[in-house]
Number of protein chains: 2
Amino acid sequence: MRPPDFARMLRRSGGRATPGRLRLMRALWKEPAPVTAARLQKSLGRTLNLATLYRALDALAGVGVVRRVDFRHGHAHYELAAPARAHHHHLACTGCGAVEDVSCTLRPRLKRASAFSAITDHAMEYFGLCKACGARGAERVSRTRTEAME
Amino acid sequence: MRPPDFARMLRRSGGRATPGRLRLMRALWKEPAPVTAARLQKSLGRTLNLATLYRALDALAGVGVVRRVDFRHGHAHYELAAPARAHHHHLACTGCGAVEDVSCTLRPRLKRASAFSAITDHAMEYFGLCKACGARGAERVSRTRTEAME
DNA sequence: AACACAAATGCGAATTATTCGCAATAATGT
DNA sequence: ACATTATTGCGAATAATTCGCATTTGTGTT
């Protein structure tokens, strides 16, 4: 699978296909799991200012190109969303921070939400222990510890 | 439904039933929706130091008494978890920040997660527009704006 | 009822993540 | 080539959350 036409995606979503955002999307495309803004910046060779990066991520998330994920680590993680990337969810190890994708098999079929007119998105993350951590009996690891590990 | 025996819950989870934590849990018990640490502190009359509050929330979340929820607002929200409160999820309005509970009808039945030995928890939030925001055409509200509203 | 000890608290300072203001640049449609 | 407007970089500002440390206080035990 070759990378989608990011330039077109950006323009169609009302934005501009700036070199910065294109590099950002290509970098995200290569990431195997959701990344923090800081790591993303590093993977871009520290070009692209962090504030700019956050603004881009926010804008992209706003039009649904990027997805913001929460692993309860105290900071956000980002990943490409559909259509560049198939809809899916995550399994996050509370021991070491390992993350694994889970295909989204369940169709969240809520009964008509009383006070809502539309459901536009949903987030779902599973938490548990990967085999390694489960084996070593890593019952509970402090959040701080977990963060340090990524 | 009368409030559970928080003192006992605390002790059983390996902690102490200090007046502070008891007040904290009673306050959480009364909240109709997940709250931020700051608001919780305010609802406690600003007694209970904020650092202490965070430590308590973290500890309680660690033993599963409290649940940390992410509405993509840039800060965490907390609520009581089972058994004090039935398992459920949320519907969050991206326009005004309104939150509504959703009973958890779906049984997340993942096929044995390859690299995981145990799934201990999961989080699921739905995002959309409440009727009010949907009507007034509040397509997109900046995250900052949303935060200010809570 | 008095103890011993670890857990919990308060305070203030430190970190971290994320956002802002503003002037300078650059992508797009015409 | 131009005008318009989004985007960028920078440095400073916020906001949320955590830390260090001395002090207090539950709890299980004598």
Side-chain angles (χ1 to χ4, degrees), chain A residues 6-25 34-42 44-63 66 68-78 142-148 150, chain B residues 6-25 34-42 44-63 65-66 68-78 142-150:
Chain A
F6 293 129
R8 191 202 303 218
M9 286 181 62
L10 284 170
R11 294 204 193 84
R12 241 193 324 204
S13 68
R16 289 177 181 177
T18 67
R21 294 193 172 183
L22 285 174
R23 283 189 301 130
L24 161 55
M25 299 196 63
V35 289
T36 63
R39 178 176 285 298
L40 191 50
Q41 188 201 27
K42 194 185 302 177
L44 286 172
R46 299 204 177 289
T47 48
L48 204 54
N49 181 273
L50 199 49
T52 301
L53 182 50
Y54 272 113
R55 276 185 294 227
L57 287 172
D58 200 40
L60 292 169
V63 296
V66 159
R68 186 186 169 132
V69 183
D70 174 56
F71 290 137
R72 297 176 178 166
H73 288 187
H75 49 237
H77 286 240
Y78 301 85
S142 86
R143 197 184 334 145
T144 315
R145 182 83 181 295
T146 306
E147 300 196 59
E150 65 194 26
Chain B
F6 293 128
R8 190 201 302 218
M9 286 180 62
L10 283 171
R11 294 204 194 84
R12 242 192 325 204
S13 68
R16 290 179 179 176
T18 66
R21 294 192 173 186
L22 285 173
R23 283 188 301 131
L24 162 54
M25 299 197 61
V35 288
T36 63
R39 179 176 284 298
L40 192 49
Q41 188 201 29
K42 195 185 300 176
L44 286 173
R46 299 205 177 288
T47 47
L48 205 53
N49 181 274
L50 200 48
T52 301
L53 182 50
Y54 272 112
R55 275 185 292 228
L57 287 172
D58 200 39
L60 292 169
V63 294
V65 173
V66 158
R68 187 186 169 130
V69 183
D70 174 56
F71 291 137
R72 297 176 178 167
H73 287 186
H75 49 237
H77 286 241
Y78 300 85
S142 87
R143 198 183 334 144
T144 316
R145 181 79 182 298
T146 306
E147 302 194 58
M149 289 176 153
E150 67 194 24

Student check: side-chain heavy atoms of B:T47 and B:R23 closer than 4.5 Å: yes
Atom pair distance, as rounded to whole Å: CG in A:L48 and C1' in D:dG9: 10 Å
Sugar-phosphate only, base, or nothing, as touched by B:A38 at under 4.0 Å among non-hydrogen atoms: nothing
Any side-chain heavy-atom pair of B:T36 and B:H77 under 4.5 Å: yes
Closest to side chain of A:A51, choosing from C:dC20, D:dT18, C:dT9: C:dC20
Any side-chain heavy-atom pair of B:R11 and B:R16 under 4.5 Å: no
Residue closer to the 5' end of DNA chain D, B:G15 versus B:A76 (nearest nucleotide): B:A76
Whole angstrom value for the distance that separates C1' of D:dT17 from NE2 of A:H75: 13 Å
A:M25 CE - D:dT7 P separation (whole Å): 13 Å
Interatomic distance where CG belongs to A:L60 and C1' belongs to D:dA6 [whole Å]: 13 Å
Sugar-phosphate, base or nothing in reach of A:A59, heavy atoms under 4.0 Å: nothing
B:R55 side-chain proximity, nearest of C:dG10, D:dG9, D:dT17: C:dG10
B:R16, nearest nucleotide to its side chain (from D:dT27, C:dC11, D:dT8): D:dT27
Sugar-phosphate only, base, or nothing, as touched by B:T18 at under 4.0 Å among non-hydrogen atoms: sugar-phosphate
A:A37 vs A:A7, nearer the 5' end of DNA chain C by closest nucleotide: A:A37
Length of the line joining A:L53:CG and C:dT19:C1', which is rounded to integer Å: 13 Å
Side-chain N or O of B:R21 closer than 4.0 Å to phosphate OP1/OP2 of C:dT9: yes
A:K42 NZ - C:dT16 P separation (whole Å): 13 Å
Sugar-phosphate, base or nothing in reach of A:A17, heavy atoms under 4.0 Å: sugar-phosphate
Student check: side-chain heavy atoms of A:L10 and A:L60 closer than 4.5 Å: yes
Given DNA chain D, 5'-ward residue of the pair B:L50 and A:L50, judged by closest heavy atom: A:L50
Between C:dT16 (P) and A:Y54 (OH): distance, integer Å: 13 Å
Interatomic distance, B:R39 atom CZ to B:Y78 atom OH [nearest 0.5 angstrom]: 15.0 Å
Nearest-Å distance for atom pair CG/P, residues B:L57 and D:dA16: 14 Å
